[in-house]
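On a predicted model such as this, the values are computed, not experimentally measured, just so you know. Counting convention: from 1, in listed order, for ligands and their atoms alike.
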Amino acid sequence: MKMQSAKLAFFSPTGTSRTIAKAIGAGLGLEIVEEVDAARPVTREQPLKLAEDQLLVVAVPVYRGRIPGLVRDWLKQAQLKRVPVIGVVVYGNREFDDALLELQDVLRERGAIPVACAAFIGEHSFSCADAPVAPGRPDAADQHAANQFGQTARKVLDALPEGAAAAVISVPGNRPYMEMEPGGAVDFIAVGEECTECGVCAQSCPVGAIDEANPAATDFEQCILCCACIKVCPEGARSVREGPVKDIARRLNTLCGERKEPVFFFPG
Ligand SMILES: Cc1cc2nc3c(=O)[nH]c(=O)nc-3n(C[C@H](O)[C@H](O)[C@H](O)COP(=O)(O)O)c2cc1C
């Protein structure tokens with residue numbers, strides 16, 4: 001299949017999925033015509049669409065072994081009939097469980113043709129100075145691997161005959177997918193005196209859970225725990241307070257310290 005260009009679509013509150021998508025895009029050697037940032041609520045108001053001769057790269061984080069619910073809902077509207085697609089999940093060095101399987105399933109249901117799949121590692125959203133989890137990832141080695149993966153995926157794409165039927169790429173995971181634990185509001189963010197009420201946190205929130213006029217007020221019924229607001233704060237005023245999220249970070253720091261490496265999957 002000869003493609004003219006590619007689109008990168010990512011949901012990446014703390015930036016790791018975006019970094020991986022861009023590194024894959026660089027490896028493809030195709031013109032990247034658009035970066036679709038699905039963390040912006042306005043992006044998710046429209047279904048994802050592609051032109052006929054475009055390849056799609058989708059990169060999303062793993063949340064509780066699945067893809068984030070709001071990403072799934074958005075992708076379920078996507079118009080991807082006969083669009084070749086590279087599906088990627090990025091996880092915080094614990095496991096990616098059923099997320100890559102679920103991502104491929106959603107893309108195939110929308111009519112896309114899977115070209116390649118991969119799972120990469122990103123610094124865990126809950127990682128903090130006193131409980132680091134995969135800090136600094138994706139690092140230079142991960143980004144190099146993503147570039148190489150992009151190059152290989154391009155070769156697979158070029159070798160696909162025009163009109164090829166959608167293949168199923170064999171990836172780890174089980175159906176039914178693991179149950180997402182019931183959400184429930186968790187008030188886990190401390191806002192310190194350094195806060196200047198600049199509103200950057202509110203602008204970064206994928207679900208509009210932070211009041212721009214009063215950023216100390218976070219609506220934890222809406223919050224998806226993505227931690228974008230913590231990582232983006234220019235004053236370092238927001239942090240994970242003591243409680244269940246901090247406990248998870250400590251547990252992951254103890255149990256998931258061993259470095260995991262990216263894995264790639266191709267048809268056949
Ligand atoms: C609510 C939530 C659940 C998560 N669940 C998992 C998980 O099941 N396994 C894992 O390894 N990492 C998990 N993570 C970590 C993210 O997958 C990881 O940090 C990813 O790199 C974040 O992507 P982003 O930087 O594009 O936002 C979770 C993060 C959040 C916020």
Side-chain angles (χ1 to χ4, degrees), residues 8-24 35-40 43 57-72 74 87-103 118-128 131-139 142-143 145-146 172-174 177-189 201 204-207 209 218 220 222-232 238 240 243-263:
L8 309 180
F10 43 80
F11 176 80
S12 190
T14 62
T16 63
S17 307
R18 180 177 196 269
T19 299
I20 290 297
K22 285 173 81 96
I24 293 169
E35 293 181 9
V36 183
D37 180 358
R40 300 178 63 229
T43 303
V57 179
V58 183
V60 300
V62 176
Y63 281 6
R64 302 186 189 95
R66 304 275 302 272
I67 61 174
L70 77 183
V71 176
R72 184 175 51 252
W74 177 62
V88 177
V89 295
V90 180
Y91 70 105
N93 208 54
R94 185 189 67 74
E95 281 299 339
F96 59 96
D97 298 309
D98 302 332
L100 191 56
L101 180 69
E102 183 180 24
L103 178 63
F120 283 86
I121 295 86
E123 176 166 333
H124 201 290
S125 319
F126 302 162
S127 176
C128 45
V133 186
R137 297 190 75 184
D139 57 16
D142 293 314
Q143 290 176 57
N174 296 295
Y177 314 125
M178 58 194 292
E179 287 285 325
M180 291 256 206
E181 285 159 42
V186 189
D187 177 353
F188 75 106
I189 296 174
C201 55
S204 76
C205 178
V207 292
T218 303
F220 288 103
Q222 301 289 323
C223 173
I224 56 167
L225 314 182
C226 75
C227 298
C229 60
I230 295 176
K231 312 259 168 170
V232 83
R238 298 174 80 91
V240 176
V245 173
K246 188 72 146 192
D247 291 347
I248 293 172
R250 288 209 183 91
R251 215 162 45 238
L252 292 169
N253 169 267
T254 308
L255 299 176
C256 303
E258 195 177 321
R259 182 185 175 95
K260 296 197 167 143
E261 296 297 343
V263 284

| request: Look at atom 12 (N) of ligand 1 and find which of G92, S12, G65 reaches it with the closest heavy atom. | output: G92
| query | When you measure from atom 21 (O) of ligand 1 to every protein heavy atom, which one gives the shortest distance, and what is it? | reply | T16 OG1, 2.7 Å
| message | Does the residue F126 have a heavy-atom contact with ligand 1, meaning some pair of atoms that are separated by less than 4.0 Å? | response | yes
| Sub-4.0 Å heavy-atom contact, C227 with ligand 1 | no
| query | Got an N/O contact under 3.5 Å between R18 and ligand 1? | reply | no
| said: Classify the ring geometry of F11 against Y63: parallel below 30°, tilted from 30° to 60°, perpendicular beyond 60°. | reply: perpendicular
| query | Sub-3.5 Å donor-acceptor pair from the side chain of N253 to the main-chain atoms of V133, do we have one? | reply | no
| task | Measure the spacing between CG of D98 and CZ of R66 and express it to the nearest 0.5 Å. | result | 7.0 Å
| field | Check: G15 N/O within less than 3.5 Å of ligand 1 N/O | value | yes
| Just going by heavy-atom distances, which of Y91, Y63, F11 is nearest to atom 2 (C) of ligand 1? | Y63
| query | Can you tell me how far the NZ atom of K22 sits from the CZ atom of F10, to the nearest 0.5 Å? | reply | 6.5 Å
| query | Nearest protein heavy atom to atom 1 (C) of ligand 1, by residue and atom, and its distance? | reply | I224 O, 3.8 Å
| query | So, is L225 polar-close to ligand 1, with some N/O to N/O distance under 3.5 Å? | reply | no
| request: Please identify which atoms of ligand 1 are closer than 4.0 Å to at least one heavy atom of N93. | output: 11 (O)
| query | Should you measure from each heavy atom of H124, which atoms of ligand 1 turn up under 4.0 Å away? | reply | 12 (N), 13 (C), 14 (N), 15 (C), 19 (O), 28 (C), 29 (C)
| said: Regarding atom 6 (C) of ligand 1: of the candidates V62, T14, I20, which has the closest heavy atom? | reply: V62
| query | Could you state the interatomic distance from OG1 (T16) to NE2 (H124), rounded to the nearest 0.5 Å? | reply | 10.0 Å
| task | Select one of side chain, backbone, both or neither to describe which atoms of E95 lie under 4.0 Å from any atom of ligand 1, heavy atoms only. | result | backbone
| query | Who passes side chain to side chain donor-acceptor pair (under 3.5 Å) against E258, sequence neighbours left out? | reply | none
| Any chance CD of E179 has more than 12 other-residue heavy atoms, nucleotides or ligands included, within less than 6.0 Å? | no
| field | Which of the ligand 1 atoms, numbered from 1, are nearer than 4.0 Å to a heavy atom of E123 | value | 18 (C), 19 (O), 21 (O)
| task | Applying salt bridge (Lys or Arg N to Asp or Glu O under 4.0 Å), name anything that partners R251, two or more places apart in sequence or on another chain. | result | none
| query | Would you say L252 and R94 make side-chain contact, with heavy atoms under 4.5 Å? | reply | yes
| request: Any atoms of ligand 1 less than 4.0 Å from a non-hydrogen atom of R64? List them with their elements. | output: 3 (C), 4 (C), 5 (N), 6 (C), 7 (C), 8 (O)
| field | Heavy-atom side-chain proximity of V186 to P244 below 4.5 angstrom | value | yes
| Against heavy atoms of V90, which atoms of ligand 1 measure under 4.0 Å? | 17 (O), 20 (C), 21 (O)
| said: Other residues, nucleotides and ligands only: do more than 12 of their heavy atoms fall within 6.0 Å of CZ on R259? | reply: yes
| task | Return the residue, atom name and 0.1 Å-rounded distance of the protein heavy atom closest to atom 29 (C) of ligand 1. | result | S125 OG, 3.4 Å
| Should R94 be counted as touching ligand 1, given the test is an N or O pair under 3.5 Å? | yes
